[in-house]
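The block underneath contains the structure these notes are about, expressed in structure tokens.
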4 protein chains.
Amino acid sequence: MARIAKSDRENTLQQTRQRLLESAAVEFSAHGYTEANINTISLAAGFSKGTIYNYFPSKQALMLALIAGVGKLHVEMISAAVRAEEEVTARLRCFYKTGFQFVEAYPVQARFLLTALNSPDMTHQQAMGEIYQPMMDLVEQDILAFGMAQGIFRPMDLKTTTNLIMTLYLGTASRVDSQGKPLMNSAVVADFALQALLAEKRGEA
Amino acid sequence: MARIAKSDRENTLQQTRQRLLESAAVEFSAHGYTEANINTISLAAGFSKGTIYNYFPSKQALMLALIAGVGKLHVEMISAAVRAEEEVTARLRCFYKTGFQFVEAYPVQARFLLTALNSPDMTHQQAMGEIYQPMMDLVEQDILAFGMAQGIFRPMDLKTTTNLIMTLYLGTASRVDSQGKPLMNSAVVADFALQALLAEKRGEA
Amino acid sequence: MARIAKSDRENTLQQTRQRLLESAAVEFSAHGYTEANINTISLAAGFSKGTIYNYFPSKQALMLALIAGVGKLHVEMISAAVRAEEEVTARLRCFYKTGFQFVEAYPVQARFLLTALNSPDMTHQQAMGEIYQPMMDLVEQDILAFGMAQGIFRPMDLKTTTNLIMTLYLGTASRVDSQGKPLMNSAVVADFALQALLAEKRGEA
Amino acid sequence: MARIAKSDRENTLQQTRQRLLESAAVEFSAHGYTEANINTISLAAGFSKGTIYNYFPSKQALMLALIAGVGKLHVEMISAAVRAEEEVTARLRCFYKTGFQFVEAYPVQARFLLTALNSPDMTHQQAMGEIYQPMMDLVEQDILAFGMAQGIFRPMDLKTTTNLIMTLYLGTASRVDSQGKPLMNSAVVADFALQALLAEKRGEA
DNA sequence: GATGAATGAGTCTTCATTCAT
DNA sequence: AATGAATGAAGACTCATTCAT
């Protein structure tokens, strides 16, 4: 009983925290970190001004928690999908496809991540770097090194090419219409990348 | 005589304005628009805080003037170099090479442009879109359409491919070390893009 | 219980608001709207400078709230007293007497009202016009029209005469010594007005 | 020759000064002393910002000079007209009539005087008091005392009655339409005052 | 745990004034 | 005498944060 009661309480706490984080994502993505109003975030989540300080000690901490939460979701969604593919070109296609799906499924969070990515605050940059390291590793190891080892991709510098592949993703997935839907097609981006990566062109369109 | 005197005065005014703009570029690029302090900008330029308001009516106007100035420089530098090349693959290489040169020659301005590009303020976005239209046109017409017409580039959707080429530029040129020097080599980026664009692989490595 | 608690809280809020308004009346009456310092108003009320913005969204809103509050007090005090009199000459005497009493009882507020009355800001003028309409109506209907209907006052244009009666009040009641006490006697002003209004002079001194 | 040249120069100086004063009257009457912009005044007069400081050492000095200038004009215009009348009731009528004529002829200056009259700045008040002393004396001696000595006006306290007469003038002449034309008729005001002042009603309507 | 009144550091902006030309 | 760039004090307003209830 005590366990259940405690569990209930924890659930409530987690729900409140979650609502605050979602509200923060909306506000941060709409106005950027500095222009975002922490009072508005708390009020928009249905609480009063002070409540958010019971969950996050500062605006900065809230930002970092949100980066961690959204980044983790993003990374895990893509990693899981990519690793489920056996074939390396399928993995690359899957990388872009799932990445675009993330943007479509979580438009606010996706926009928030871009905000964080371009924040002038080094703390945000650093947090982004850390949380996205697994995705960099995924591209580098499970796609690029994997493909090169099989002779499917031509030999290229791993770090550099990883940056190019990531750049294509971030640059294209961030172009969305007013409803947050990506303007570009993930398949087109994947084709472009594959053209650049494949050892030979046969069999690719 | 009067003309010379007047010219001198105008020169001084232009110099003051230029110093203020440079100081603004430093401040905006370091802290972003909102966190930038307009008083600091004026003081860092060697004037008292009120002076900047003799040249720009508001922080917003200063930002827009800077976007226009730096953007123009950026666009013109690249356009001039690219159009000087006859051959289409040389044009593409030149596009990336000159773009990276701009970043190296004007690190502060380059960082500022990224700030503006990712500003949550729609006014800044719009100003960026307008000032960069000529560069988009350059890539679309003088490089991509030009190369496709000659059969050197494979047929692709112009708008989409333009975005991909631009994305590669912006994404890679923005990665710089602490001295503002690009981490990547423009030739590598150009090669990557060419692999993706060329109709056949012969002659490209 | 909850009701009492709530009531207590509301009382505190109202008291704070009232203190701020009183402080504002002092500052506005002493220096005029533009020269009044809103930070000083808040500090003089015993709060820090930001507090006043929890109650009034802007200096202008504070001014308008004060006009409304003080104007209402002024109008109601005079209206109540005048309407309690049956006889028309008594009403006119009462009008001036109560008016002067207001100035004596609320010297700061009275001086503030003059400030507002002569403000170059049309918004203030308009607010004054609206809040004082009932007092104009009182003079016009309950005094002048009333007295003319009885043949006690000679026939005159109502609007014009109302303005004359009001002018005499505002012009004389605003002359005060350094303690805010009126320099003139309300009875003298009332006599002067009655001489001008009465159909015949008999019985008036 | 030297004399003429000097005279010419003085004329030019006087003209410049006059243009600045007229411009100041416009600005002060429109926005009040504090909100008036001294730079705007100089620019509106057709000079550059700094010029006005060659004529008036400060905004305050400009204000005082304008009070003196306009007040003198006002006082002299009324005094001259009133003293030209022999008969005391004619003098009173003339006082209001000429006063209203001043408002009509110099609407900007008239509005400025009201601004000054209600300024919270004691310096302005004091300057107004000094410049208008002759007008107070005119009313007190050349109209009221004069009329009482002849038995035409009933005996009343001179100072008090002077204030009432002045109050009626200032309060009514300040009500103007958007073109600066008085809303009230000076004859009506004069009649009202005469009713209040005359020893007997015979012969007055 | 939730509340929201109070706080006060921080910032954009205005403008009277100075002074070198 | 006229100019206008530079100055810097001053003030309205915002908002992250605290804390008593």
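In what follows, chains are A, B, ... by sequence order, proteins preceding strands, each numbered from 1. Remember, predicted model here, so these are calculated numbers, not experimental data.
From A:M128, atom CE reaches atom CG of A:L64 across 11.0 Å, with rounding to the nearest 0.5 Å.
Regarding D:Q60, its CD atom lies at a distance of 12 Å from the P atom of E:dA16, rounded to whole Å. Rounded to a whole Å, the CG atom of D:N39 is 13 Å from the C1' atom of F:dT7. Counting to the nearest Å, the C1' atom of F:dG4 and the CZ atom of B:R17 are 17 Å from each other. The distance from atom NE2 of A:H31 to atom P of F:dC15 is 10 Å, rounded to the nearest whole Å. For the pair D:Q15 CD and F:dA1 C1', the computed distance is 15 Å after rounding to whole Å. Rounded to whole angstrom, the span from the CG atom of B:L43 across to the P atom of F:dG8 amounts to 9 Å. Atom-to-atom, CD1 of A:I41 to C1' of F:dC15 comes out at 12 Å; the value is rounded to the nearest Å. Atom NZ of A:K49 is separated from atom P of E:dT7 by 12 Å (rounded to the nearest Å).
For B:F47, counting side-chain heavy atoms from C-beta on, the closest listed nucleotide (E:dA5, F:dC13, F:dT7) is F:dT7.
D:Y33 and D:F28 have parallel rings, their planes meeting at less than 30° on a 0 to 90° scale where 60° marks the start of perpendicular.
No side-chain heavy atom of A:Y55 sits less than 4.5 Å from a side-chain heavy atom of A:L21. When side chains are defined from C-beta on, B:M63 does not count as touching B:K59, because their heavy atoms never get closer than 4.5 Å.
B:N118 and B:Q125 form no side-chain donor-acceptor contact under 3.5 Å, judged by distance and modelled atom types alone. For C:S119 and C:D121, the side-chain atoms include no donor-acceptor pair closer than 3.5 Å.
Residues from residues 50-58 of chain B placing a heavy atom under 4.0 Å of any atom in DNA chain E, listed by number, are B:Y53, B:S58.
Within the 4.0 Å cut-off from OP1 or OP2 of F:dG11, at least one side-chain nitrogen or oxygen of C:N37 is found.
For the residue pair B:I38 and B:S58, the shortest heavy atom distance occurs at CD1-C, 4.3 Å.
Residue contacts for A:A36: at a heavy-atom cut-off of 4.0 Å it reaches the sugar-phosphate backbone alone, with no base atom in range. Note on A:K59: only backbone sugar-phosphate atoms sit closer than 4.0 angstrom, heavy atoms only; bases stay farther off.
Across all strands shown, the partner of F:dC19 is E:dG4, judged by Watson-Crick or G-U wobble contacts whose two distances both fall under 3.5 Å.
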